[in-house]
Amino acid sequence: MATLLAVTPEPSTGERRAVPEPVLLYELICLALLLHRPGGARPDTHCDQCGKPWPCSQVRLACRLREGF
């Protein structure tokens with residue numbers, strides 16, 4: 001087993017190991033939910049990131065995708 005590990009080439013610094021698609025999608029959902037947040041506590045508040053009325057379309061999409069998991 002140690003011989004097999006020694007022979008297996010490591011990815012070069014420019015290559016990124018493949019991340020499974022569901023994991024990457026969930027990371028993007030979490031990132032959208034962190035970045036797109038309401039700007040205040042008032043009912044007519046807007047998103048800090050995109051400036052659209054809260055909840056913005058990015059948050060709605062992220063919530064729908066999260067429910068799919």
Side-chain angles (χ1 to χ4, degrees):
M1 184 75 136
T3 313
L4 180 62
L5 291 175
V7 175
T8 307
E10 288 292 318
S12 67
T13 55
E15 291 180 39
R16 181 178 166 187
R17 290 187 180 187
V19 177
E21 188 175 325
V23 173
L24 183 60
L25 180 60
Y26 198 76
E27 288 175 359
L28 292 173
I29 290 170
C30 292
L31 183 63
L33 292 174
L34 287 172
L35 292 178
H36 292 266
R37 57 183 182 258
R42 294 188 330 245
D44 62 341
T45 188
H46 289 75
C47 177
D48 275 345
Q49 184 73 20
C50 62
K52 295 181 181 176
W54 182 255
C56 66
S57 59
Q58 291 293 325
V59 168
R60 290 178 188 206
L61 178 62
C63 288
R64 275 187 268 149
L65 288 171
R66 187 183 65 187
E67 291 296 320
F69 277 98

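For residues 37-49, the pairs satisfying side-chain hydrogen bond (donor to acceptor under 3.5 Å, both in side chains) are Arg42-Asp44, with sequence neighbours left out.
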For residues 50-69, run the donor-acceptor check on the side chains, cut-off 3.5 Å, and write out each pair with its distance to 0.1 Å, sequence neighbours left out.
{"from": "Arg60", "atom 1": "NE", "to": "Pro55", "atom 2": "O", "distance (Å)": "3.2"}

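Expressed to the nearest 0.5 Å, how far CG of Leu34 lies from CD1 of Ile29 amounts to 12.0 Å.
Here Leu35 sits in one hydrophobic cluster together with Leu31; the rule is ILVMFWY side chains under 4.5 Å apart, joined directly or through other members.
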